[in-house]
Each structure stands twice: as structure tokens, then as C-alpha cells.
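Here is how names work: the chains are called A, B, and so on, in the same order as the sequence lines, proteins then strands, and each is numbered from 1.
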There are 2 protein chains.
Amino acid sequence: MDEGAPQKGTVTQRAIEEIKAMIAEGRLEPGQRLPTERELAARLGISRSSMREAVRALTVMGVLEARHGSGIYVTALEAGDLLETFGVVADLSRGPRLVELLEVRRILESTATALAAARITDDRLAAVEKHLAAMNATDDPEEILAHDLAFHREIASAAGNETMAAILDGLSSRTFRARVWRGYQEEGAFARTRREHAAIHRALAARDPEAARAAAAAHVGEVEEWLRAQLGG
Amino acid sequence: MDEGAPQKGTVTQRAIEEIKAMIAEGRLEPGQRLPTERELAARLGISRSSMREAVRALTVMGVLEARHGSGIYVTALEAGDLLETFGVVADLSRGPRLVELLEVRRILESTATALAAARITDDRLAAVEKHLAAMNATDDPEEILAHDLAFHREIASAAGNETMAAILDGLSSRTFRARVWRGYQEEGAFARTRREHAAIHRALAARDPEAARAAAAAHVGEVEEWLRAQLGG
DNA sequence: CGCCTCGTAGTGGTCGGACCACTTGACTGG
DNA sequence: CCAGTCAAGTGGTCCGACCACTACGAGGCG
């Protein structure tokens, strides 16, 4: 009997597909521990080095998690785990690509905010207000940034779609850094952001999806237009 | 003088960040060739094995491309390259997560189709029609699937946002497989899909964004509801 | 008896070196 | 001048050793 696999691509690639298949077919459950690297390598008939590369690859994808001294585990396979690399995309994108990313964010964020307006609970709304207040109470850029992110994350989460929230999270990191620059270059940006955030909050409190959608779209579109102008000029 | 980096996490992780930084800072241009693995390893003071893991990690992220016998190159860093892992997310998602992914797809696809209706050229519209005709001319599931994918890809591309098109591409692979199952289980699904595609095409030809948005949303929502029902029952 | 400490086996993390498979380009012979 | 050949260099794979850390149980202490 042959080994079955007649060499497709590199051995490492084959190992990656193999492990992915195990998970996709349910042979490996989220949170479950995998065999040791040494055994996995032996089982697939490859060296430990190659197997390690495969594990590393799946680790950066957020599929596996290696704990030093303990073992290799399947992650919870939740949206946040798998979409972590999405942030890298945002970090490495430049110029026109960044505008495209912002456009995607505008579409998703406006919809998410609209959904949130319809579904948000009083508790979550209070959390949103807390971040809004904290954001207005300080003038430390770093702190503002943190609460700004949390503000939007809370809203996206309230929309009831964790996958969408995770994607928006990834789309934000780079974006918000750009906004910091902007704050330095263009006076009044902070004040405008404050007004826009207030408008979003008002729409949420009023449970008005359409107003929320419009406010969120305007908020992101604001940055988008500014960036577009930067590239054109 | 110290080496500067006081050991943050694993050496491999450090190497990954290092290379990513090189690209983010523009020290490495898209398409450019990197130093050899051996030299990179020596430059960061780590072993070649560890460096190889770093390169492998960046390779699966679509940032680098290793050509056997030739060297390591930075990819074009286009949306398609970086968002390839997005398909993995779709492949590994199950149950409620899949519904969430479809919801994201519905939002993006409907908007993309609306944009396409406003911007599509006659040439691209002809290409869309070609896939539509090919899809209706055969009854081989595999071929239908291929043209179905191409149909939507063409539309997403016509929307003028390659990033969005790439994301939609990733969101589709798994989705469409589910639809194949569906075709087997539920008679009339093909006919309904055919009607929905026709409606989308009609809206595109009429350059009617709102109609296009509605048709696309209904198209994806159809699958979404079916899947939701599957999970509930 | 119960808790705490310490040792130890086992795991992932790193290393160095050897060899293989493939690409590339210069060199050689026609 | 061209085609074929060959050698240097690159990524791909493998091996075996050792390090760093974790987990868990044996043993000691209270």
C-alpha cells in the first residue's frame, strides 16, 4: 500500500491542509489538545521541523495555539481568533487600498450601528455612554483613541454579529492611527469627532436605526473623504 | 551596546514583526526580493529554522512568496493576496458562525451590487451576461458553481473596490458549497437561484442601484434563511 | 491529615549542520 | 550566434541535540 498522498506541493503545505481538514471534519474539537509535535510529524511521515512550520502557520491564522511546555491546542475558533490577521491587512495597506478598506468599514459600520439601534439593551447603551463620557473627559490622545475603539466595538457587538464586530475591529486599528495624525494636522477634528459620536449615541438612545446608519456612515465617510483628499493632493 | 531587543516573546515572533515592520516602513517594496534565509537569520541573530518559521508565517498571510531555488519575494500586497486566509475562516466556521458570515456577505454583496449597477461598463455587463448564460446552459453542478462564483466576482469587481471583491471571494467558497448540498436536498433551488440571478442582471442592465441592492440582498438572504432554518430545526 | 515545596518527566522553542531539489545564469561547444 | 550544459546559489527537508517552561506527583513540613 502506498502512503496515499503522492506529493502535492511542499510537505509543510500538506501538513497544514491535513490539520485543517482534521478540524473541518470535526476530528479535532475547539479547545482540544493535539498530539505532540514529534508524534504529529511521525504520523505524517515528515520531520519535526516541517511540522513545526505547519503549526506556526496555523498559529498565526488563529486556528491553533501553542503553549510552551504544555502542548498544542485548537483555539475556540471564534471570529476574533480567526480574524486577527485581518489587522495585518489594514496595517500593510497603503494609498488607494486604505480608502477601499475604509469604504468597507463604512458599509459594515453603518449597518452594524443601525442593527445596534434596534437591538441594543439598556446595559450596553450605558457602556457606550461610559466610553463616550471618558472620551470627552480627557485630552490624552492615547486614551481618547482607546475609548474611541471601545465605543465602536461596543456598538458593533451590540449588533449581535460577533463576526462582523471582529472584522470591524481589524479594520479599525490602522484607521485610528491615521486619525491621530489627522488630529495633529487639522484643528477641529477632535471637536467634529465628538459631535459625530454624540449623533451616533443620540440615534442609539432613540432606537432609530436609520438615523444611526446615517450618523455612522457620515462618521466614517468623514475620515474616508479626508484620506481621499490626501492622496489626490 | 545591547542588541536593543530585550526578548519579547519568541524569537520567531520577533522576526515576523521585524519583517512586517520593514514592509510597513517601506524598506521593502512589493515585488522586491529579500535577502536569503541564511542572511536574514544571521542579521537578526537567530537560527535559520526560526527564521524559516517566520517566513512561512508571512507566506500564509500572503505577505511573502517563497520561490524554490530563486529567493523570497514580497507579494504585490494586493487585496487578493492578503485576504486569502479569509477563505479559511469561512471553511472552519460552523453553525451560528456561518450565518453571521452570510449576514456579512449579504451586507457587502448588496452594496457591491448596488455600486456595480451605477458604475458597470458595457464590457463588464457583457461578461456578467456570459456567465449567466453559461450557468443556465448546463446542469453540471460543478460548472454551475464555477459560473455562479464568476458571476458574483465580476459584479463585485465592477463595483470598483477590489478589497471588497476579495473579501466577498473569501466569503463565497464555503457558502457555495453549502448551496450545492442544498441543491441536492431541495428541489427547485436551482430554478429559484436562476430567477434571482436574472433579477440581479436586470437591475444591472437598467443601471438601477436600489433594485440591484434589493435583488442581491434577497439572493443571499435566501440562503441565509435556509441555513438559519437548518440550525433551528 | 492536609498543604506546600520541590523534583522530574514531558512539552514546545531554539539551534546548527547536513543534504536535497530547483532555479538561474554563465560558460562551452557546435 | 545559438543551444546545450554545468556549477553556484537558493529555498525545502531532515536530523539530533539542547534549552525553557509547564504540569503533576512524590515527598516533606506543619
Any donor-acceptor pair under 3.5 Å from A:S110 side chain to A:I107 backbone:
yes

Just checking A:R52: base, sugar-phosphate only, or nothing, at a heavy-atom cut-off of under 4.0 Å?
base

Distance, rounded to the nearest Å, where [X] contributes [atom1] and [N] contributes [atom2]:
X: B:R33; N: D:dG11; atom1: CZ; atom2: P; value: 6 Å
X: B:R67; N: C:dT24; atom1: CZ; atom2: P; value: 8 Å
X: B:E53; N: D:dT13; atom1: CD; atom2: C1'; value: 14 Å
X: A:L34; N: C:dG12; atom1: CG; atom2: P; value: 9 Å
X: B:H68; N: D:dG9; atom1: NE2; atom2: C1'; value: 11 Å
X: A:Q13; N: D:dT13; atom1: CD; atom2: C1'; value: 15 Å
X: A:R14; N: D:dT13; atom1: CZ; atom2: C1'; value: 12 Å
X: A:Y73; N: D:dC21; atom1: OH; atom2: C1'; value: 13 Å

Considering only side-chain heavy atoms of [X], which listed nucleotide, [options], is closest?
X: B:S49; options: C:dC15, D:dG12, C:dG12; result: C:dC15
X: B:S50; options: C:dG13, C:dT14, D:dT13; result: C:dT14
X: B:S47; options: C:dA21, C:dC15, D:dC14; result: C:dC15
X: B:T10; options: C:dT14, C:dG12, D:dG11; result: C:dT14
X: A:R48; options: D:dG11, C:dG13, D:dA23; result: C:dG13
X: A:E37; options: C:dG12, D:dC14, D:dT13; result: C:dG12

A:H152 side chain reached by A:H219 side chain, heavy atoms, under 4.5 Å
yes

Quick check: do B:K20 and B:V63 have side-chain heavy atoms less than 4.5 Å from each other?
no

Would you say the side chains of B:T59 and B:E65 form a donor-acceptor pair under 3.5 Å?
no

Which heavy atom of B:S173 sits nearest a heavy atom of B:D91, and at what distance?
OG-OD1, 3.9 Å

Between B:A66 and A:R38, just flag the one whose closest nucleotide in DNA chain D comes earlier from the 5' side.
B:A66

